[in-house]
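Model, not experiment: these values are computed from the prediction. Per chain, numbering begins at 1; letters A, B, ... match sequence-line order.
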2 protein chains.
Amino acid sequence: MTSKRKVGNLLGLAVLGYLVRAPMHPYELSRLMRAHGDDRSIKFTHGSLYMVFGQLAKAGFIVEHETSREGQRPERTVYALTDAGRAELKDWMRELVAEPAHEHPKFVAALSMIAALHPDEVAALLRDRLDGLRRQLAEAEAIVAGADAHPLFLVEEEYRIALLNAEVAFVRHFLERIDDWRPLWAGFHEEER
Amino acid sequence: MTSKRKVGNLLGLAVLGYLVRAPMHPYELSRLMRAHGDDRSIKFTHGSLYMVFGQLAKAGFIVEHETSREGQRPERTVYALTDAGRAELKDWMRELVAEPAHEHPKFVAALSMIAALHPDEVAALLRDRLDGLRRQLAEAEAIVAGADAHPLFLVEEEYRIALLNAEVAFVRHFLERIDDWRPLWAGFHEEER
DNA sequence: TCCTGGATAGTCAGAGTTGACTAGGAGGTG
DNA sequence: CACCTCCTAGTCAACTCTGACTATCCAGGA
């Protein structure tokens, strides 16, 4: 069952996943995640990270391990995972892998309203989109090719590539059919000269 | 440029898109959208709809058209689109269609942390996921087949189908490779007996 | 006739999120 | 050696969103 989690932000999952290896303070984790390119997979800003640490602590998944200070720098609070946190990590991962979630990508919203634009314009915009998709594909492929890590650690990038390829194919197919649909479509735009 | 919109919630896009046809009050739109199955494309709850109407009004994209009351029922406030609202609708649509957004699906987050689970368990979970994906595919295909509407109005459902098929293929491919990766992977789970 | 459940229409407290702000230290440079 | 910029580490006000709550009307069953 997808009963509601005490901490819903996926950034919390990443925190648990990293703390299982070693206790850390938020700022250290922030650098680590950026270095690993995790910001491509998990949305996070500097500010939300501290929020999530606070939420996880309140929920009992992590505890303050120690607080230290170097020179006059601000104090650092190091957190460690609890047993409850370890359990939450496993349980959350199981749910995310086993149950495909119904999500709401922006492009889907736009497609559901697509008749609001004139078909000629849609065709031009879709060609722009194809360019953008190809750029994203090139980026992802460069990351996979350029890394010397085991493919296990880039499996999320391969997933992204698979979805991007599917979207490219869909957009091309859409472009091919647009002319056939023009008669019906035009009905919505009579008033515009 | 993706300069920040005054109203960011995609539900606002739907509101603009429907009000372009006729003025409406929030509750009426809510029924209409549910009847059209728009909740599959755009996330919305009853409560957030009233919020979004308020935000759009504050931003000048819609205005109160009239308020009426039938019997002792609560008062209904009917809103109409302004010229600024019409412009925002077009501009927003153009951006959403032309520029592929980098989004953060939950499954990507899980994949980036996948080594936290034992490979045997991941294999089992992925098989569960395949079942779920096939159910979602069946659902989407039934919607496309069962509707007598023009395919233009179901293009978002076809997009979903394309992505689901791509994900099925990816998961199957992942399952095939899991055995090869087991030696490396196992390294993370020595401690667990 | 009374009662229950669902549709109608909207409000709002509390939880979550974002982005801007603080403030000292280290490193480079003209 | 004064100045500027980036790095370190964290806080917080303002905004957004969710879900629970209010209140009336109407249809159908007991």
Side-chain angles (χ1 to χ4, degrees), chain A residues 2-15 23-35 39 42-59 61-62 64-79 101-104 106 109, chain B residues 2-15 23-35 39 42-59 61-62 64-79 101-104 106 109:
Chain A
T2 316
S3 62
K4 255 246 295 320
R5 310 222 162 250
K6 293 191 191 165
V7 177
N9 194 324
L10 284 173
L11 180 51
L13 182 79
V15 172
M24 253 183 273
H25 57 95
Y27 188 80
E28 188 183 353
L29 181 59
S30 170
R31 272 183 315 169
L32 196 58
M33 287 184 65
R34 248 178 258 283
D39 48 346
I42 295 178
K43 197 171 65 163
F44 80 98
T45 63
H46 185 74
S48 60
L49 189 61
Y50 287 89
M51 290 290 141
V52 166
F53 266 83
Q55 290 167 17
L56 290 171
K58 203 169 117 193
F61 297 144
I62 61 177
E64 287 192 22
H65 186 64
E66 57 172 356
T67 68
S68 68
R69 172 189 290 268
E70 275 174 35
Q72 275 316 299
R73 301 247 190 93
E75 199 173 66
R76 304 179 308 185
T77 305
V78 176
Y79 289 85
H102 188 98
E103 290 177 276
H104 295 89
K106 295 182 175 192
Chain B
T2 315
S3 61
K4 252 249 294 320
R5 311 224 161 248
K6 292 191 192 163
V7 178
N9 193 327
L10 285 173
L11 180 51
L13 182 80
V15 173
M24 252 183 275
H25 58 96
Y27 188 80
E28 188 183 353
L29 181 59
S30 170
R31 273 183 317 169
L32 196 58
M33 287 185 66
R34 248 178 257 282
D39 48 345
I42 294 177
K43 198 172 64 165
F44 79 98
T45 64
H46 184 74
S48 61
L49 189 61
Y50 288 89
M51 288 290 138
V52 165
F53 267 83
Q55 291 167 16
L56 290 171
K58 203 170 118 192
F61 297 142
I62 63 177
E64 288 192 23
H65 186 63
E66 57 172 357
T67 67
S68 68
R69 171 190 291 266
E70 274 175 35
Q72 276 315 299
R73 301 246 191 97
E75 200 172 64
R76 302 180 309 186
T77 306
V78 175
Y79 290 86
H102 187 99
E103 292 179 276
H104 294 90
K106 294 182 176 193

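Atom-to-atom distance recorded for His102(B):NE2 and Lys43(A):NZ is 11.0 Å, nearest 0.5 angstrom. Rounded to the nearest 0.5 Å, atoms CZ (Arg5(B)) and CG (Leu10(B)) are 10.5 Å apart. Summarising the geometry, atom CG belonging to Asn9(A) is positioned 11.5 Å from atom CE belonging to Met51(A); distances are rounded to the nearest 0.5 Å. Interatomic distance, Arg76(B) CZ to Glu66(B) CD, rounded to the nearest 0.5 Å: 8.0 Å. The structure places CD1 of Ile42(A) at 5.0 Å from CE of Met33(A), a figure rounded to the nearest 0.5 Å.
Across all strands, Lys58(B) comes closer than 4.0 Å to no nucleic acid atom at all (heavy-atom distances). Looking at heavy-atom distances under 4.0 Å, His25(A) makes contact with sugar-phosphate atoms alone, never a base.
The phosphate of dG16(C) has neither OP1 nor OP2 within less than 4.0 Å of any side-chain N or O from Asn9(A). OP1 or OP2 of dC17(D) has at least one side-chain nitrogen or oxygen of Gln55(B) nearer than 4.0 Å. In this model, the phosphate group of dT8(C) is approached by a side-chain N or O of Tyr27(B) to a distance below 4.0 Å at OP1 or OP2. Phosphate contact (OP1/OP2 of dT18(C), side-chain N/O of Lys43(A), threshold under 4.0 Å): present.
Going from atom OH of Tyr50(B) over to atom C1' of dA20(D) covers 15 Å, rounded to whole Å. Taking atom CG of residue Leu10(B) and atom C1' of nucleotide dT18(D), one finds them 17 Å apart after rounding to whole Å. In this structure, the CD atom of Glu64(B) is 10 Å from the P atom of dG10(C), given to the nearest Å. In this entry the distance linking CE of Met51(B) with P of dG19(D) reads 13 Å, nearest Å. Rounded to whole angstrom, the span from the CZ atom of Arg76(A) across to the P atom of dC7(D) amounts to 18 Å. Atoms CG (Leu49(A)) and P (dG16(C)) sit 16 Å apart, rounded to a whole Å. Here the C1' atom of nucleotide dG16(C) and the CG atom of Leu56(A) are 13 Å apart, to the nearest Å. Going from atom CZ of Phe44(A) over to atom P of dG19(C) covers 14 Å, rounded to whole Å.
A donor-acceptor contact under 3.5 Å links the side chain of His46(B) to the base of dG10(C).
Here the side chain of His104(B) pairs a donor or acceptor atom with the backbone of Asp39(A) at under 3.5 angstrom. The main-chain N or O of Thr77(B) is never found under 3.5 Å from a side-chain atom of Glu64(B) such that the two would form a donor-acceptor pair.
Listed in residue order, the members of residues 28-35 of chain A having a heavy atom less than 4.0 Å from DNA chain D are Arg31(A).
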Worked check of side-chain contact (heavy atoms from CB on, under 4.5 Å) between Leu29(B) and Phe53(B): CA-CA 11 Å; Leu29(B) 181 59; Phe53(B) 267 83; 3.8 Å; yes
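Taking the six-membered ring for Trp and thresholds of 30 and 60 degrees, His46(B) and Tyr50(B) have ring planes more than 60 degrees apart, a perpendicular arrangement.
Both Thr45(A) and Val7(A) lie close to DNA chain C; mapped to their nearest nucleotides by heavy-atom distance, the more 5′-ward contact belongs to Val7(A).
End-to-end axis angle of the helix from dT1(C)-dA30(D) to dG30(C)-dC1(D), using five pairs per end and rounding to 10°, comes to 0°.
Gly12(A) and Val52(A) make their closest contact through CA-CG1, 3.5 Å (heavy atoms, listed as atom of the first residue, atom of the second, distance).
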